[in-house]
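Just below is one structure, and these are the notes that go with it.
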Amino acid sequence: MEASEQPPQMEIEGEDIPIPVAKEPPKIHRLDESVVNRIAAGEVIQRPVSAVKELVENSIDADSTSINVVVKDGGLKLIQVSDDGHGIRCEDLPILCERHTTSKLSTFEDLQSIKSMGFRGEALASMTYVGHVTVTTITKGQLHGYRVSYRDGVMEHEPKACAAVKGTQIMIENLFYNMIARKKTLQNSADDYSKIVDLLSRFAIHHINVSFSCRKHGATRADVHSVATASRLDAIKSVYGVSVTRNLMKIEVSDDDPSTSVFEMDGFISNSNYIAKKITMVLFINDRLVECSALKRAIEIVYAATLPKASKPFIYMSIKLPPDHIDVNVHPTKREVSLLNQEVIIEKIQSAVEFKLRNSNESRTFQEQSLDPSPSSPMATIKDSPISPSATGSKSQKVPVHKMVRTDSLVPAGRLHAYLQVKPPSNLERNSGLTSVRSSIRQRRNPKETADLTSLQELTNDIDCSCHSGLLDIVRHCTYIGMADDVLALLQHNTHLYLANVVNLSKELMYQQALHRFAHFNAIQLSDPAPLPELIMLALKDEDLDPESHENDDLKEKIAEMNTELLKQKAELLDEYFCIHVDSLGNLSRLPVLLDQYTPEMDRVPEFVLCLGNDVDWDDEKNCFQSIAAVLGNFYAMHPPLLPNPSGDGLQFYKRRIPSSGPEDEGYSSKSIEDDAMGDDFEHELLLEAENAWAQREWSIQHVLFPSMRLFFKPPNSMATDGTFVQVASLEKLYKIFERC
Ligand code: ADP
Ligand code: MG
């Protein structure tokens with residue numbers, strides 16, 4: 001093969017001008033069969049774990065109830081798979097390891113109804129081309145078994161009679177002994193054993209009527225050990241541990257309409273308390289262990305948007321389709337399959353997952369509550385994650401350069417943090433004023449009651465009708481790069497860069513959410529109910545230029561009293577439809593959750609209550625709902641925190657005023673900031689609070705706002721022209737400029 005790749009070269013020495021020479025076409029010849037087989041083998045057995053997968057699948061096909069795997073040197077020295085299945089007939093042994101010999105398929109049409117994992121008759125043959133294979137097997141009713149070794153597809157000797165226990169044992173030694181380059185790469189990577197353990201863990205939780213074990217050669221303890229059971233959850237518990245099963249929810253979805261899709265899915269998915277470093281997705285389609293990146297991504301997106309803190313879920317799914325709706329013959333290692341109506345199926349599963357996550361709040365404890373109060377970063381909770389024992393807290397990690405390219409809009413959070421090594425969200429979340437807020441669960445109301453409120457339908461229709469399709473595409477597929485200033489975020493969409501006003505965006509998103517979740521909110525419970533009159537007084541004083549003046553206090557008190565009365569009168573409506581709870585004494589005690597994992601800034605409660613009293617039109621139903629949703633939207637929007645941003649000019653604000661200054665000295669100390677940035681001239685506590693508030697906000701923008709917008713937001717037409725989105729550059733043009741530099 002190598003020889004044929006280089007066409008013959010002709011050099012004419014002593015000539016100034018090269019004369020074009022008619023090149024002879026290279027000769028085509030038939031490859032030696034052993035070369036063909038070795039090339040094919042390298043494709044089927046890509047690494048030790050692929051050999052294990054083939055062998056275990058053969059054991060499952062042989063109706064085994066117990067499968068044991070032993071591995072030495074990550075599988076390069078030895079892989080041994082023993083089962084108690086039906087065994088192999090002695091007379092079949094001579095052709096067992098030839099290519100395309102199988103007991104599972106006769107005609108091509110059989111593929112349409114195939115139930116076994118294997119069908120190509122290639123796996124064992126391939127192994128003999130890249131390793132030394134020895135088979136020991138016994139069939140039912142025989143007094144003894146047979147053992148025979150293979151090389152390059154053929155027996156090395158006649159099968160020898162030997163003592164054997166029920167079933168088959170297949171041993172591969174010296175894998176890739178004749179493929180030096182591959183062996184070297186694999187020796188260096190050294191992680192195949194963990195891949196093998198992972199593989200068997202996956203098989204073990206699906207084939208629950210089979211017991212599996214996997215251990216290193218010479219080790220007494222197995223790294224995977226499952227016993228046959230009737231309960232899937234027990235199987236998951238024995239393999240992944242109780243810390244995983246404790247946080248799992250059952251999920252089922254099916255469709256039986258041939259015009260859309262026909263399938264059944266059942267599985268388990270993790271809830272908001274499951275925190276892990278990476279997603280675990282175990283997917284079986286018609287009992288085949290496969291990968292489906294489209295489905296995985298669809299689920300990841302839902303988690304990122306609904307449970308940003310638990311966005312690396314554990315997923316086990318088993319999908320069953322009619323055999324003729326699935327093509328198993330699309331990948332040499334059978335790792336992928338193709339499905340009829342794949343998109344519809346994925347969409348249905350995605351919605352089912354989303355529905356499950358949204359409705360699972362009964363069992364939910366919020367992260368804020370469960371955080372360990374120790375000073376270490378909350379990221380350390382990852383350490384407790386059952387499936388990532390190697391996680392070592394939040395130590396800053398070096399980012400490989402190749403990871404610094406930000407191109408994938410589907411990474412919901414963007415990757416700017418990879419460049420900046422920003423402090424983890426950590427203590428920010430803990431100190432962000434959430435201490436005064438406790439999330440609690442509200443009983444769900446009957447959705448029927450509200451489904452037919454025409455005014456609400458009109459409002460949600462208005463949102464759908466005025467949705468701008470171009471902006472929708474940007475919102476769905478953009479990558480968040482970072483904050484350009486206090487209100488503008490930089491986004492990349494295809495090759496364009498945009499500045500987007502996060503205050504406008506979040507205000508509108510919250511407004512839409514308030515209407516979409518209408519009457520179905522979970523609640524944020526205030527630990528200390530807040531008296532409305534005091535809140536309103538606070539808000540009115542805030543509006544004054546001089547907060548110390550007591551001028552018009554009487555008037556303010558009157559307004560506060562009247563507004564409180566008004567809100568008390570409207571308490572039932574506010575509570576029923578918007579989960580804003582005002583008790584009979586006029587205390588505010590509950591607020592709605594508009595976006596999961598997001599709590600508004602409590603500093604804005606006074607302003608919110610004042611607006612609720614002043615800005616709502618209580619007379620017309622549609623206007624009433626719209627204006628309450630708008631007031632909520634404004635309150636929950638991600639405004640810049642009230643404390644100035646300490647990372648810019650705002651730092652000035654935190655300098656201590658010099659106490660001995662004259663009465664007219666309203667300014668700050670004149671010492672330069674650089675001189676004493678770390679000195680005592682700063683209000684450290686305030687500064688820290690401000691830093692936390694700003695970092696918390698940026699975290700929410702990146703991890704809550706943008707992922708949620710991707711799922712739920714319908715950008716109104718007005719945003720195309722009101723400055724909410726501004727295109728700042730096209731990368732193609734920038735590249736042209738850089739090229740010239
Ligand atoms: P395939 O699984 O595609 O048929 P393989 O090369 O994996 O091809 O296996 C060839 C044949 O060997 C199988 O069809 C099966 O009849 C037999 N075989 C392989 N492994 C086992 C086993 N563990 N127990 C019983 N029969 C086996
Ligand atoms: Mg097979």
Side-chain angles (χ1 to χ4, degrees), residues 37-38 40-46 48-70 79-108 110-111 113-142 145-155 159 164-172 175 199-200 203 207 210-214 286-290 327-335 337:
N37 289 340
R38 248 170 85 182
E43 208 175 29
V44 177
I45 309 297
Q46 290 171 350
V49 66
S50 15
V52 176
K53 178 164 186 269
E54 293 292 344
L55 293 175
V56 170
E57 286 183 345
N58 278 346
S59 297
I60 293 172
D61 284 345
D63 298 329
S64 309
T65 59
S66 164
I67 300 172
N68 303 303
V69 179
V70 175
I79 293 171
Q80 181 185 297
V81 176
S82 319
D83 66 49
D84 63 350
H86 55 50
I88 302 164
R89 274 177 246 269
C90 175
E91 60 266 34
D92 288 341
L93 289 174
I95 60 158
L96 174 72
C97 293
E98 276 180 28
R99 275 189 85 197
H100 312 305
T101 56
T102 177
S103 58
K104 301 169 191 170
L105 182 86
S106 300
T107 66
F108 184 78
D110 292 348
L111 261 185
S113 55
I114 193 124
K115 292 238 167 69
S116 58
M117 321 267 129
F119 54 84
R120 289 169 194 253
E122 264 193 320
L124 286 181
S126 300
M127 290 172 210
T128 69
Y129 283 95
V130 294
H132 303 137
V133 175
T134 303
V135 177
T136 309
T137 185
I138 184 169
T139 49
K140 206 172 167 195
Q142 297 298 306
Y146 290 95
R147 176 172 302 148
V148 57
S149 299
Y150 295 83
R151 214 176 260 214
D152 295 344
V154 292
M155 296 198 294
V165 288
K166 182 177 187 252
T168 305
Q169 181 192 75
I170 298 188
M171 191 160 82
I172 311 171
L175 193 60
L199 175 82
L200 282 150
F203 275 124
H207 296 281
V210 180
S211 64
F212 289 88
S213 80
C214 174
N286 283 11
D287 295 320
R288 287 165 191 283
L289 176 60
V290 290
D327 186 356
V328 292
N329 188 25
V330 294
H331 195 274
T333 66
K334 300 168 273 154
R335 200 176 64 197
V337 291

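Order of listing sets the numbers, starting from 1, for every ligand and every atom in it. Atom set for the values below is all heavy atoms of this structure, side chains included, hydrogens, waters and symmetry mates excluded. No experiment lies behind these values; they were computed from the predicted model shown.
- Qualifying ring-ring contact (aromatic ring centres under 6.0 Å, His included) partners for Phe119, counting only residues two or more places apart in sequence or in other chains: none.
- The CD1 atom of Ile138 sits 10.5 Å away from atom NZ of Lys166, with the distance rounded to the nearest 0.5 Å.
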May I have a table of the N/O to N/O pairs between ligand 1 and the protein that fall below 3.5 Å, each row giving the two atom names and the distance to 0.1 Å?
unit_1   : atom_1 : unit_2 : atom_2 : d
ligand 1 : 2 (O)  : Asn58  : OD1    : 2.9
ligand 1 : 2 (O)  : Lys104 : NZ     : 2.7
ligand 1 : 3 (O)  : Phe119 : N      : 3.0
ligand 1 : 3 (O)  : Arg120 : N      : 3.1
ligand 1 : 3 (O)  : Gly121 : N      : 2.8
ligand 1 : 4 (O)  : Thr102 : OG1    : 2.5
ligand 1 : 6 (O)  : Ala123 : N      : 3.3
ligand 1 : 6 (O)  : Leu124 : N      : 3.0
ligand 1 : 7 (O)  : Asn58  : OD1    : 3.0
ligand 1 : 7 (O)  : Asn58  : ND2    : 2.8
ligand 1 : 8 (O)  : Gly121 : N      : 3.4
ligand 1 : 14 (O) : Thr102 : OG1    : 3.3
ligand 1 : 14 (O) : Ser103 : N      : 3.0
ligand 1 : 14 (O) : Ser103 : OG     : 3.1
ligand 1 : 16 (O) : Ser103 : OG     : 2.5
ligand 1 : 20 (N) : Asn58  : ND2    : 3.4
ligand 1 : 23 (N) : Asp83  : OD2    : 2.9
ligand 1 : 24 (N) : Thr168 : OG1    : 3.4

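- For the side-chain contact (heavy atoms from CB on, under 4.5 Å) test with Val69, the passing option among Leu55, Leu200, Leu199, Asp83 is Leu200; the others fail.
- Note on the Mg ion (ligand 2): protein N/O/S atoms under 2.8 Å are Asn58 OD1.
- Counting only distance, with no hydrogens or angles, the side chain of Thr101 and the backbone of Leu96 share a donor-acceptor pair below 3.5 Å.
- Ring pair Phe203/Phe212 is parallel by interplanar angle, where below 30° counts as parallel and above 60° as perpendicular.
- Applying the ring-ring contact (aromatic ring centres under 6.0 Å, His included) criterion to His132, with sequence neighbours excluded, gives Tyr177.
- Minimum heavy-atom separation, Asp287 to His207: O-NE2, 3.8 Å.
- Using modelled atom types and a 3.5 Å distance limit, the side chains of Asn68 and Ser82 yield no donor-acceptor pair.
- The main-chain N or O of Gly153 is found under 3.5 Å from a side-chain atom of Thr128 such that the two form a donor-acceptor pair.
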